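Whatever order the structure lists them in is the order used to number ligands and atoms, beginning at 1. What you are looking at is a predicted structure, and each value in this text was computed from that prediction instead of being measured.
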Amino acid sequence: MPVLTPQVDKNSEEFARNRSRLLERIALLDEQLAAARAGGGDKYVERHRSRDKMPVRERLDLLLDRGSPFLELSALAGWGSEFTVGASVVTGIGVVSGVECMIVGNDPTVRGGASNPFTWKKIIRALEIARHNRLPVINLVESGGADLPTQVEAFVPGGALFRDLTRLSAAGVPTVAIVFGNSTAGGAYVPGMCDYSIMVKGRAKVFLGGPPLVRMATGEVSTDEELGGAEMHSRISGLSDYLAVDERDAIRLGRQVMANINWRKLGPGPAQPARPPRWDPEDLLGVVSSDLRVPFRPQDVLAHVLDDSRFDEYKPTYGTSLVTGWGYLHGFPVGMLANANGVIFPEEAEKAAEFILLANQVDVPLLFMQNTTGFIVGKVYEQAGMIKDGAKMINAVANSRVPHITLLMGASYGAGNYAMSGRAYEPRFVFSWPNSKTAVMGPQQLAGVLSIVAQEAAASSGREFDEAADAIRRASVEQQIERESDSFFMSGRLYDDGVIDPRDTRTVLGIALSAAHSNQIEGTRGFGVFRM
Ligand code: COA
């Protein structure tokens, strides 16, 4: 396989400018990640510790195999909303007793670990990832249940949490609940629906209604322990399978359960040893254009990401604004589709469809690297059947069954987002670089379209068009779209699985690919009817 050599001048002004702009965004990302890690802040963390309890990330550290990586997901959930960034829960993929698992841990320092609408979405997304990739799930439970003031946003769809836990079990994927504290009302169905439940003595409180509610409803007077304590559930109700003497013991028991589930991944292991790229990933920062209107070569990105920087480009001289080809990542074979200059023309759409079929024929996962302004528009292309060619690509993407992983490297506009396996096309994972933007179109274009529509409406009804008011409206729409297409904003709404530092791309994709190989890797041989 040929070796890629980056075609960038590391001493150029452009390289320096790209690097410094991306570093600025990464610094902002680090600030937000630190805010998520801080949870409810010093006051609540201290109070939690004074109760002799560990913060969720310490529980996580003890649970994971020593020195193994943890790929945190949706860390910016709730960003830009009234809720604490991270949405009072930590989710991610880690290794416990040698088993790659999905871990869902409530952060009880943020509003008692209560679940707001972003928390529900984040947990349900984590369970979806677990289902698609066949990852056992460990819940670290301590939550005040639904965030009561915003219950209307989440109560009805939130039921999916319990549904998905039992569906995982039905699909042969073990689920575990380790209960460290409150797990009231609906929350009681987390241990209730899991295959294994472990409860901490004197701490776990698992009941449908606490003492005040029971007293109001029935007049019965009872204590927390009688209604839902760990000892009661371990000795009387039988809901608890293991009684832990303290938090550390509970984590030890969780590791013991995982050690005994006789877990085997269904996908093939890596096809060859992992070899690092020949080029320093640090230089990715200078490769990635700081201006979305200025394209950059995906081959220059791949040179810093793929094993030994080797890439077998497919159809390199045809449909050149989309780069396709084969390579290895941490030893796993992978097919790449990456936008080169933003626009998808008919040739690119056909080439993509063909390439996706090839990957399905040989069961190779696909990596979609988005930097696209969408399908080409204009008379010539409409008449040549751009919609039909775009439909071929969307057909292939939608019906492909090999795992897809999508990386937003820059622009993700219009139907380009869909055709390049955007969130709605159910890729196994979607990650974004902090410079990326996602919207139906760019802010200037969107504001311009609205302005033309308004001018035409005024003309057809014989009204005078107010240029000054239009200029103000245009500026405000541009600002709104600029803000809403920002990667932090999109990630805050769970439209991706995390904003990542571009230098971590190889590691993140490697963990994601390894997770995907927990399930079978099998392409489809049948597609929808292709428009010709
Ligand atoms: N919805 C919204 N806010 C909640 C909440 C919930 N379900 N549970 C707790 N909070 C808030 C509290 O109002 C408090 O806010 P403040 O610090 O601004 O005053 C903060 O979270 C911490 O709660 P606090 O009660 O001080 O923490 P605690 O650690 O002593 O107790 C709980 C935590 C969860 C045991 C306790 O808050 C509780 O019982 N909450 C209600 C549980 C419940 O019945 N939920 C309904 C289930 S569907």
Problem set entry | Identity and distance of the protein heavy atom lying nearest atom 8 (N) of ligand 1 | Arg111 O, 4.0 Å

For this session: Tell me which part of Lys53 gets within contact of ligand 1: side chain, backbone, both or neither, using heavy atoms under 4.0 Å.
Result: neither

For this session: Give a yes/no on ligand 1: does Pro149 have at least one heavy atom closer than 4.0 angstrom to it?
Result: yes

Exercise. Hey, is Asp65 close enough to Arg255 for a salt bridge, meaning N to O under 4.0 Å?
Worked result: yes

Exercise. Should Glu128 and Arg125 count as an ion pair when the cut-off is N to O under 4.0 Å?
Worked result: yes

Exercise. Quick one: does Ala146 get within less than 4.0 Å of ligand 1, heavy atoms only?
Worked result: yes

Seminar exercise, completed: for atom 5 (C) of ligand 1, nearest protein heavy atom and its distance come out as Ala114 CB, 3.9 Å

For this session: Could you tell me if any non-hydrogen atom of His48 lies under 4.0 Å from any atom of ligand 1?
Result: no

Exercise. Do the side-chain N and O atoms of Ser169 and Asp195 include a donor-acceptor pair separated by under 3.5 angstrom?
Worked result: yes

Exercise. Under 3.5 Å between some N or O of ligand 1 and some N or O of Arg51?
Worked result: yes

Exercise. Are Gln151 and ligand 1 in contact, using a heavy-atom cut-off of under 4.0 Å?
Worked result: no

Exercise. In terms of residue, atom name and distance, what is the protein heavy atom nearest to atom 42 (C) of ligand 1?
Worked result: Gly144 O, 3.4 Å

Exercise. Can you check whether His404 and Tyr425 have ring centres sitting under 6.0 Å from each other?
Worked result: no

